[in-house]
Each structure stands twice: as C-alpha cells, then as structure tokens.
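Below is one structure, written out as structure tokens; comments come after it.
The figures here come from the full heavy-atom set of this structure, side chains too, leaving out hydrogens, waters and symmetry mates.
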Amino acid sequence: MRAKLIVGNWKMNGSRAGNATLLADIAAGLTDAPAACAVCVPSPYLQQCEEVLSGTPIAWGAQDVSVHGFGAFTGEVCAKMLSEFDCRYVIVGHSERRAYHMESSEMVASKALAVLQEGMTPIVCVGETLEEREAGQTEAVVGAQLDAVLEQLDADAVAKIVVAYEPVWAIGTGRNATPEMAQAVHAHLRSRIAARNGEAAQRIAILYGGSMKPDNAAALLAQPDIDGGLIGGAALKAQDFLGIIRAAK
C-alpha cells in the first residue's frame, strides 16, 4: 500500500516571521501523522526551512528550478543550489509556470532530469484547462505532458518521481473535480507510467492538486489512485494543512 504524501505549495507567499509561526504550528500538530508531509517554499526561505524543520517530520523543497547548471542566467536557481539547502522535493511544470512563463513539456522534462541528477525528487505537475476538458481532451493532454518527462528517464529514474495532477479549471475558481473525476485521471496517469515501468507505477505517488481542502480531502484521498495532495491556499493555514494530513488516515 502506497504511503500518502501531502505537500504544501506556498507559491509567492510568506515572511520570515509568519513562516516561523506557521511551521512551528504545523510541527506541533504532527503527532501521529498518518501521512508524510512537506512544504515547497519561495527560494529565499529555504535556509529558514532548513534551520526550523531539521529534526522534524516535515520535509521541504522548492517551487521551480533552472534547466541549466551554473552560468550567466540572471535570476535563475539551479538544482545544485537547491540541494545545498537539503531540499527533498522540487515542483516542476506547475500550471502557473506553464501558463505565465510559457514552459513547454520538454522544458519540464529537462527540469525533472536536473532535479533527479542532484538526488532530489521532482514533483511533476500535469493538468488540463477547462476548454481542454470540455473538448474531451483531458487524457490526451495530461498523458502527453507526462510522457514528455517519462521519455527522458530510464526505468530506475521513473521510480524516483512524484506526479501531481492539477486540473487547471479547478484551481482557485470555486469549481471542483469530484473524487470520481479525479480518480479517473489518476488511474490514466498510472497506466501511462506502467507502460514504462510496471513496478514503479505501483509505487509512485500521484498527488491531487485541484483545491484540496479539509472538507473534501477525505473523499479524494479515499480513491485508490490518489496518493496525496499538492496543496495551495490551505497550506498557508496550519489547521487547514493539518486537517488535510489527518484526512489521509
């Protein structure tokens, strides 16, 4: 049985004082937590996470990475830099990066490879827009996004990624996928992974990233192919984040 994983994506939010309180409150509430958990924070706060979270059950990570190593790439942060802060996870291909920064699936694949080469775990995000869903293209879109990454990895590397399905139309819109709708896409993604590595497909965590909250988490996490959540707004409130973690029982 796959262990559950709950990851908070803080996006461009946080302050040193506010982070200290939030992280302390989460850590204090993690007694007998039924799921592994992590927070992916803005890069300026990685050192704070390393200082505050070392020795706690909470892992930490980054929200993006450069495809390059070192060099003349102003504003970029490479995988080696992230690994120096003991990051465990790095989000790649989030829908906001794809939409606002025009990241292609090929670029996302390169980022995932860079993360793996530094011994960290990429959280590979895939998802469809409302227009794509209404056109019946969901499986084709998310499948192509995932395949672009899988094609760059050997069988062993495939087993070292995490996948997150985030229906773009359900993020911050007030619209939600039903647990059954989400499960159908997760099952499809697992079948795509199985085509490359059947054993890995049974071990890889596939997270749901479509506005998971304490009141819908239990129903979503009860689905056989939903192994956790990539949490946005609810990750900025300790009790909400803890409520989602507890729902993973």
**Asked** Can you name the residues that form a salt bridge (charged side-chain N to carboxylate O under 4.0 Å, His left out) with R133, not counting sequence neighbours?
**Response**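 R133: salt bridge (charged side-chain N to carboxylate O under 4.0 Å, His left out) contacts with E128.
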**Prompt:** Taking only residues two or more places apart in sequence, or in another chain, which ones meet R192 in a salt bridge (charged side-chain N to carboxylate O under 4.0 Å, His left out)?
**Reply:**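 For R192, the residues satisfying salt bridge (charged side-chain N to carboxylate O under 4.0 Å, His left out) (neighbours in sequence not counted) are D147.
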**Request:** Determine whether the side chains of S105 and R98 contain a donor N or O and an acceptor N or O closer than 3.5 Å.
**Result:**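 Note: S105 and R98 side chains meet the donor-acceptor criterion.
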**Asked** Residues two or more places apart in sequence or in another chain: which of them pass side chain to side chain contact (heavy atoms under 4.5 Å, CB included) with S54?
**Response** E50, W60
**Message:** Holding to side chain to side chain contact (heavy atoms under 4.5 Å, CB included), I want the full list of residues that pass it with L113, two or more places apart in sequence or in another chain.
**Reply:**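 Residues passing side chain to side chain contact (heavy atoms under 4.5 Å, CB included) with L113: Q117, L153.
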Minimal non-hydrogen separation, [X] against [Y], with atom names:
X: C78; Y: G69; value: CB-O, 3.3 Å
X: A114; Y: S66; value: CB-O, 4.2 Å
X: A177; Y: A170; value: N-CB, 4.3 Å
X: L116; Y: P122; value: CD2-CD, 3.6 Å

**Prompt:** Which residue pairs pass the ring-ring contact (aromatic ring centres under 6.0 Å, His included) test when at least one of the two sits in residues 85-118, sequence neighbours left out?
**Reply:**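 ring-ring contact (aromatic ring centres under 6.0 Å, His included) check on residues 85-118 returns no pairs.
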**Item:** Within residues 225-249 or reaching into it, pairs that qualify as ring-ring contact (aromatic ring centres under 6.0 Å, His included) - sequence neighbours excluded
**Value:** none
**Asked** In this structure, which one of E118, E76, E103 forms a salt bridge (Lys or Arg N to Asp or Glu O under 4.0 Å) with K111?
**Response**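 It is E103, the one option of E118, E76, E103 that forms the salt bridge (Lys or Arg N to Asp or Glu O under 4.0 Å) with K111.
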**Prompt:** Which residue pairs pass the salt bridge (Lys or Arg N to Asp or Glu O under 4.0 Å) test when at least one of the two sits in residues 11-31, sequence neighbours left out?
**Reply:** K11-E96
**Request:** Scan residues 238-249 for pairs that pass salt bridge (Lys or Arg N to Asp or Glu O under 4.0 Å), counting only residues two or more places apart or in two chains.
**Result:**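 Listed once each, the pairs would be none.
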**Prompt:** Does Q137 have any side-chain hydrogen bond (donor to acceptor under 3.5 Å, both in side chains) partners at least two apart in sequence or in another chain, and if so, which?
**Reply:**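 Applying side-chain hydrogen bond (donor to acceptor under 3.5 Å, both in side chains) to Q137 gives none.
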Are the side chains of [X] and [Y] in touch, meaning some heavy atoms are under 4.5 Å apart?
X: I161; Y: I204; answer: yes
X: I91; Y: D64; answer: no
X: V142; Y: L189; answer: yes
X: W10; Y: Q63; answer: yes
X: I193; Y: I206; answer: yes

**Item:** Pairing residues for H186 by the ring pair (Phe, Tyr, Trp, His ring centres under 6.0 Å) criterion, not counting sequence neighbours
**Value:** Y165
**Asked** What side chain to side chain donor-acceptor pair (under 3.5 Å) pairs are there with at least one residue in residues 217-237, not counting sequence neighbours?
**Response** R2-D227, Q183-D225, R190-D225, R190-D227
**Message:** Side-chain heavy atoms nearer than 4.5 Å, only ILVMFWY residues, links allowed to pass through others: does that put I244 and L23 together?
**Reply:** yes
**Message:** Under 4.5 Å between side-chain heavy atoms, counting indirect links through other Ile/Leu/Val/Met/Phe/Trp/Tyr residues: same cluster for I231 and L207 or not?
**Reply:** no
Which pairs would a plain distance check flag for residues 36-47, meaning a side-chain donor or acceptor within less than 3.5 Å of a matching protein atom at least two apart in sequence or in another chain?
unit_1: Y45; atom_1: OH; unit_2: G14; atom_2: O; d: 3.0
unit_1: Q47; atom_1: NE2; unit_2: E51; atom_2: OE2; d: 3.3

**Request:** Look at atom CZ of R196 and say whether more than 12 heavy atoms of other residues, nucleotides or ligands are closer to it than 6.0 Å.
**Result:** yes
**Test item: N216 side-chain N/O and M212 main-chain N/O as donor-acceptor pair under 3.5 Å** =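 Pair absent, no side-chain N/O of N216 close to backbone of M212.
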